[in-house]
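Reading through the structure tokens given below for one structure.
A, B, ... follow the sequence lines: proteins, then strands. Residue 1 opens every chain. Quick caveat, the model's predicted, so the values are computed rather than measured.
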Protein chains: 2
Amino acid sequence: MIETGAEPESRAERKLRTRRAILDATLELSTDSSLTALSLRQVAKQVGIVPTAFYRHFDSIESLGLALVEESFDSLRDLFRDVRRNAQADKDIVDGSIDALVDHVHRRRDHFGFIARERVAGPRSVREAIRHEIELCERELATDLALMSGTDTWTAKDLHVLSSLFVTVLVATAEQILSTTRPEQEAQIVATVRTQLRMLLIGVYQWRSEA
Amino acid sequence: MIETGAEPESRAERKLRTRRAILDATLELSTDSSLTALSLRQVAKQVGIVPTAFYRHFDSIESLGLALVEESFDSLRDLFRDVRRNAQADKDIVDGSIDALVDHVHRRRDHFGFIARERVAGPRSVREAIRHEIELCERELATDLALMSGTDTWTAKDLHVLSSLFVTVLVATAEQILSTTRPEQEAQIVATVRTQLRMLLIGVYQWRSEA
DNA sequence: CCTTTCAGTGAACATCTGTACACCGACAAC
DNA sequence: GTTGTCGGTGTACAGATGTTCACTGAAAGG
């Protein structure tokens with residue numbers, strides 16, 4: 001027998017592993033369509049467990065979805081962290097942000113795709129959870145923007161408005177990248193959003209908040 | 001017997017009527033979830049026909065979806081027409097466009113919601129059809145933008161880039177309006193996008209295309 | 001060692017799914 | 001007035017669905 005490094009594995013570890021398998025299977029099975037079109041039995045079959053075993057981990061597809069929302073937004077927060085890091089380095093803020101975006105979307109295609117889909121087509125509670133998380137992201141970005149040069153005279157409201165616009169463009173760009181597999185088309189998308197952000201930044205540098 | 005104005009109605013008219021009923025039922029049933037989670041039998045029940053009768057009009061939910069894409073984009077083109085009309089009138093271009101957007105989203109909540117959902121979560125062919133239609137909208141808007149003052153020196157590419165950004169913001173705004181029913185929250189959304197477009201327009205007026 | 005815990009099993013259920021088929025009856029065409 | 005067309009009906013079937021229940025067997029805890 002070849003030692004495959006199969007650890008003894010405690011019961012808790014096993015449970016965690018099938019939980020992971022369920023999450024992964026769900027992400028894979030919902031790459032087209034949506035959570036609402038996904039059956040508990042499909043997931044179970046993909047994982048290799050019997051349907052009823054599903055209930056040991058989640059009590060419905062919906063609560064499974066909520067778990068995936070949390071997980072997916074961890075990925076998105078990673079992206080934010082990298083954008084911030086690029087901004088603090090010498091990198092151009094537009095190029096640095098886009099690089100980080102493209103990189104993270106490639107790395108966690110499943111998570112970003114999940115958010116894009118369930119944001120509009122998922123179960124109500126999932127949609128609301130995503131909406132809430134995005135709201136948090138916008139707030140977080142707004143506080144970052146406040147530290148940018150040129151925004152010292154801005155009102156808090158305007159900062160949030162701008163932040164929300166950035167997030168909108170970010171989400172839309174992620175969706176577009178996800179919808180293609182051809183590299184030259186992706187390059188096109190990236191070039192487009194690059195120009196868009198530059199156009200926008202010109203406006204931002206000239207903006208003066210009204211009292 | 002009360003004369004209810006029931007016309008004799010030819011066979012073709014009858015057929016068209018149930019076809020309409022199927023389309024309407026589908027829009028209503030898919031307001032949450034998505035086409036992919038919708039069964040032929042649900043639609044048939046909602047319409048009040050037997051499941052097999054469905055096949056007299058469409059040969060699958062998917063082809064039904066394609067019909068709804070066409071119909072929904074008629075609504076969207078109506079919106080574009082109104083935006084153009086407002087722009088030609090004395091109205092402020094930002095306020096005029098937003099007014100038209102809000103108005104049309106309210107009037108055809110079903111169509112805009114359908115596009116928003118199926119764009120990312122529908123069957124592949126439906127997603128592609130929507131992507132294609134949006135592409136056409138962007139091109140159409142780009143030619144309009146070319147007539148705007150200040151864009152005479154712009155390259156065709158930059159015009160399309162800007163057009164695409166406008167459409168992105170438009171779609172995102174429509175999605176937000178759709179996701180709320182509270183009027184004060186909608187007012188908030190409208191105020192936000194208003195500011196966003198004004199920020200963007202400042203950039204646009206200063207933009208000079210590179211050779 | 002003995003007992004408890006508990007992730008996973010397997011059979012059973014009522015219900016829903018898409019689709020095939022033969023059929024009907026009112027309108028249309030001749 | 002006869003015939004054909006064609007929306008819509010009703011039955012039927014094989015398969016998928018969520019959920020129930022009693023179960024097993026190995027790890028955990030005493």
Nearest listed nucleotide, side chain of A:Leu40, among C:dG8, C:dG25, D:dG18: D:dG18
Using only modelled atom types and a 3.5 angstrom limit, is any donor from either the side chain of B:Arg56 or the base of D:dG8 paired with an acceptor on the other? yes
Name the closest nucleotide to the B:Lys15 side chain, picking from D:dG7, C:dT5, C:dA7. D:dG7
Quick check: does any side chain N or O of A:Ser164 sit under 3.5 Å from a backbone N or O of A:His160, one acting as donor and the other as acceptor? no
Return the 5'-most residue of the pair A:Lys45, A:Tyr55 with respect to DNA chain D, ranking by each residue's nearest nucleotide. A:Lys45
Ignoring backbone atoms, test whether B:Thr52 places a side-chain nitrogen or oxygen under 4.0 Å from the OP1 or OP2 oxygen of C:dT19. no
In whole angstroms, the gap separating C1' of D:dG18 from CZ of A:Phe58 amounts to 17 Å
A:Ile61 CD1 to D:dT17 P: how many Å, rounded? 10 Å
Proximity to the side chain of A:Thr18 - top-ranked nucleotide from D:dG7, C:dT9, C:dA7: C:dA7
Just the rounded figure in Å: distance from P of C:dC16 to CD of B:Gln46. 15 Å
Rounded interatomic separation in angstrom, taking CD from A:Glu9 and P from D:dA26: 16 Å
Within the pair A:Ser10 and D:dA27, is there a side-chain N or O less than 4.0 Å away from OP1 or OP2? no
Rounded to the nearest 0.5 angstrom, the CD-OG1 distance for B:Glu140 and B:Thr143 is 6.5 Å
Which whole-number value in Å describes the distance from A:Leu16 CG to C:dC6 P? 16 Å
Modelled atom types, side-chain donor and acceptor of B:Ser75 and B:His104, under 3.5 Å: no
Flag for A:Gln185-A:Thr180: side-chain donor and acceptor within less than 3.5 Å: yes
Consider the side chain of A:Ser39, meaning its heavy atoms from C-beta on, and name the nucleotide among D:dG18, D:dG7, C:dA26 that approaches it most closely. D:dG18
Closest approach to the side chain of B:Arg41, judged atom by atom: which nucleotide of D:dG18, D:dT9, D:dA12 is it? D:dA12
For A:Asp59 and C:dA7, give me the distance from atom CG to atom C1', rounded to whole Å. 16 Å
For atom CZ of B:Arg14 and atom C1' of D:dT5, their distance in whole Å: 16 Å
Whole-Å distance between C:dG18 P and B:Leu38 CG? 9 Å
Say you draw a straight line from CD of B:Glu186 to CG of B:Leu178; how long is it, rounded to the nearest 0.5 Å? 9.5 Å
The side chain of A:Arg11 is closest to which nucleotide in this list: C:dC6, D:dT9, C:dT17? C:dC6
5'-most contact on DNA chain C (nearest-nucleotide basis), B:Ser60 vs B:Ala12, goes to B:Ser60
